[in-house]
Number of protein chains: 2
Amino acid sequence: MNLETSLSTEEAILAAARKVFESKGFDGARMQEISDRAGINRALLHYYFRTKEKMFERIFDEALERFMPLLSTWDQDLEESWELKLKRFIIKFITFLKTNSMLFLLREIIRKPELLASKTEKHRKKLNKFVLYFDRLKQERLIRSDVDSRYIYVIIHSLCSFPLMNGIVFSYSLRISSKEYDELMAGYPEIISDLLIQLLKYQKN
Amino acid sequence: MNLETSLSTEEAILAAARKVFESKGFDGARMQEISDRAGINRALLHYYFRTKEKMFERIFDEALERFMPLLSTWDQDLEESWELKLKRFIIKFITFLKTNSMLFLLREIIRKPELLASKTEKHRKKLNKFVLYFDRLKQERLIRSDVDSRYIYVIIHSLCSFPLMNGIVFSYSLRISSKEYDELMAGYPEIISDLLIQLLKYQKN
DNA sequence: TTTACTTTTAACAGAATTGTTAAAATACTA
DNA sequence: TAGTATTTTAACAATTCTGTTAAAAGTAAA
């Protein structure tokens, strides 16, 4: 067994599969297209991964593993200010989003909702750290207390996710090119950091 | 020709097709599933619509036609306050979103980006009304002028769209049932209306 | 009731797609 | 270099899916 060669073939396949699954989705993806991209015979896909389904799961798992560490942002340590935490999260999140993985994850979860429960089982605990953290901030009067933390969760995630997932439509609606949209979006993390901080800081009255 | 019967068969097919295309996407949709749902023979689908592609286009067009009128909100009339306009838009938008059509549209546009240009051609003018309207509000000092209107566009649409498109994931992350999530979301339009108004009104300094 | 037209169905054809297998090519080891 | 194990390929099998067609069933009008 030649480990290096074997690994690089497997890597080539995975890279191709990632690309194809992310852009076409499981249903639209074709084994032929993946093997073409990887520059190998189609049967090799089955040699390495047995079935399309298993190959897909590998890609899905990897995307999830890249995403989950983001949630550690909300581990409750007291030293860092919530403003900094928030900024850090937004930057990391948006960077992740640029890889297209988010739309991929969402699309496939909608296709097959079982994926959500089965694949995130081992990250179960991480999932509600955000709400716990923000509840605590409210308790300690560091942020406004009149908005349900779950709304804050939804708002932050929406502001981070959607502008990148929906880039094609937004750039078209704003009548600018994809490139111009990307340039516009370069300033976006800062804008929403500021807006969110401003929003969370002051109580409405 | 029996018009009534024919119409109701066609309607049954369209309703079934809408359901299947929206949940599975074009690639995942099966003609067999659509005909089963409509309670008719599969060949009838072709009798009425010739091909899967043509049937899909009909569904896509209809979803777009339901969506486009929302944009008229931003016609520039002076009588209504921008706060009211905004509230009206958010409510209507979120109501539309509940039909699942938004995720459907986005998914299919990503699959086949040409759809965007070809299908929205006749609505081209409506698309940039938002930015024009908000630029004018800034000009007249009715809202803060230090945020690019295109960011405001992106922010508002993200806040409206994503919480409903991503409902499955959000409810899972927040550890509540779909039903509880829906109940939570009942209060959402008001929350973001207030937040956005608060945000747009006051200049940061 | 007969005739003509429309709607619906069953059966079939063709294409595309996933997965298998046996043999060829390549790499490794003694 | 010979032999063995691994990697790769071409050809094939099986299934699934879209689209066609000819005939059956239903409807309306003379």
Side-chain angles (χ1 to χ4, degrees), chain A residues 1-62 104 107-108 110-112 114-115, chain B residues 1-62 104 107-108 110-112 114-115:
Chain A
M1 176 172 53
N2 182 337
L3 245 181
E4 285 138 51
T5 308
S6 169
L7 256 186
S8 78
T9 301
E10 195 174 319
E11 277 304 314
I13 292 174
L14 283 174
R18 206 173 298 130
K19 191 100 181 197
V20 175
F21 278 132
E22 278 178 5
S23 66
K24 309 274 173 90
F26 180 83
D27 291 322
R30 292 291 164 258
M31 297 297 266
Q32 187 66 59
E33 188 178 350
I34 294 172
S35 62
D36 285 350
R37 249 178 203 279
I40 47 123
N41 186 284
R42 196 169 54 79
L44 252 199
L45 302 180
H46 295 98
Y47 176 75
Y48 279 96
F49 299 98
R50 274 204 84 69
T51 67
K52 183 183 179 185
E53 183 76 32
K54 287 200 197 326
M55 198 161 79
F56 164 78
E57 290 208 2
R58 173 73 174 271
I59 301 296
F60 188 90
D61 287 345
E62 288 185 4
F104 166 69
R107 172 165 47 183
E108 301 307 332
I110 284 166
R111 178 179 66 86
K112 199 177 172 190
E114 309 90 86
L115 286 172
Chain B
M1 175 171 57
N2 183 336
L3 247 182
E4 284 137 54
T5 309
S6 169
L7 254 188
S8 78
T9 301
E10 195 175 319
E11 277 305 313
I13 292 174
L14 283 174
R18 206 172 299 130
K19 191 100 181 195
V20 174
F21 279 131
E22 278 178 3
S23 65
K24 308 273 174 89
F26 180 82
D27 291 323
R30 293 291 164 257
M31 297 296 265
Q32 187 65 60
E33 187 178 351
I34 294 172
S35 62
D36 285 352
R37 249 179 204 279
I40 48 123
N41 185 284
R42 195 169 55 79
L44 252 200
L45 302 180
H46 294 99
Y47 177 76
Y48 279 96
F49 298 96
R50 274 203 85 68
T51 67
K52 183 182 178 185
E53 183 76 31
K54 287 200 197 326
M55 198 160 80
F56 164 78
E57 290 208 3
R58 172 74 173 270
I59 301 296
F60 187 90
D61 287 344
E62 287 185 5
F104 166 69
R107 175 165 44 183
E108 302 307 332
I110 285 166
R111 177 178 68 85
K112 199 178 173 188
E114 309 90 87
L115 286 171

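Bear in mind the structure is a predicted one, so any value in this text is a computation, not a measurement. Worth knowing before you read on, the calculation uses all heavy atoms, side chains too, and leaves out hydrogens, waters and symmetry mates. Proteins get letters first, then strands, A, B, ... in listed order; numbering begins at 1 in each.
- B/Arg111 is linked by a salt bridge (charged side-chain N to carboxylate O under 4.0 Å, His left out) to B/Glu108, counting only residues two or more places apart in sequence or in another chain.
- Between the NE2 atom of B/His46 and the C1' atom of D/dT21 there is a distance of 13 Å, rounded to whole Å.
- Using a 4.0 Å cut-off between a side-chain N of Lys or Arg and a carboxylate O of Asp or Glu, A/Arg58 and A/Glu10 qualify as a salt bridge.
- By the ring pair (Phe, Tyr, Trp, His ring centres under 6.0 Å) test, B/Phe26 is found to be paired with B/Phe56, residues two or more places apart in sequence or in another chain being considered.
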In a table with atom names and distances, give each donor-acceptor pair under 3.5 Å that connects a side chain of residues 35-43 of chain B to protein atoms at least two apart or in another chain.
from	atom 1	to	atom 2	distance (Å)
B/Ser35	OG	B/Met31	O	3.4
B/Ser35	OG	B/Gln32	O	3.0
B/Asp36	OD1	B/Gln32	NE2	3.0
B/Asn41	OD1	B/Ala43	N	2.7
B/Arg42	NE	B/Gln32	OE1	3.4

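- Between B/Met55 and B/Phe60, the closest side-chain pair of non-hydrogen atoms is not below 4.5 Å.
- Whole-Å rounding puts the B/Glu53 CD to D/dT18 P distance at 12 Å.
- Two residues are said to be in side-chain contact when any heavy atoms from C-beta on lie closer than 4.5 Å; B/Glu62 and B/Arg18 meet this criterion.
- For the pair B/Phe56 CZ and D/dG19 P, the computed distance is 14 Å after rounding to whole Å.
- Using a 4.0 Å cutoff on non-hydrogen atoms, the parts of residues 36-44 of chain A near DNA chain D are A/Ile40, A/Asn41, A/Ala43, A/Leu44, ordered by number.
- Look at CD on B/Glu10: it is 11 Å from P on C/dT8, rounded to the nearest Å.
- Not counting sequence neighbours, the partners of B/Glu57 by the side chain to side chain contact (heavy atoms under 4.5 Å, CB included) test are B/Glu53, B/Lys119.
- You'll find the side chain of B/Lys24 stays beyond 4.5 Å of the side chain of B/Arg30, heavy atoms only.
- Within the 4.0 Å cut-off from OP1 or OP2 of C/dT18, not a single side-chain nitrogen or oxygen of A/Thr51 is found.
- For D/dT20, the OP1/OP2 oxygens have no side-chain nitrogen or oxygen of B/Tyr47 closer than 4.0 Å.
- Listed by residue number, the members of residues 24-35 of chain A with any heavy atom below 4.0 angstrom from DNA chain C are A/Ala29, A/Arg30, A/Met31.
- Atoms OH (B/Tyr48) and C1' (D/dT18) sit 20 Å apart, rounded to a whole Å.
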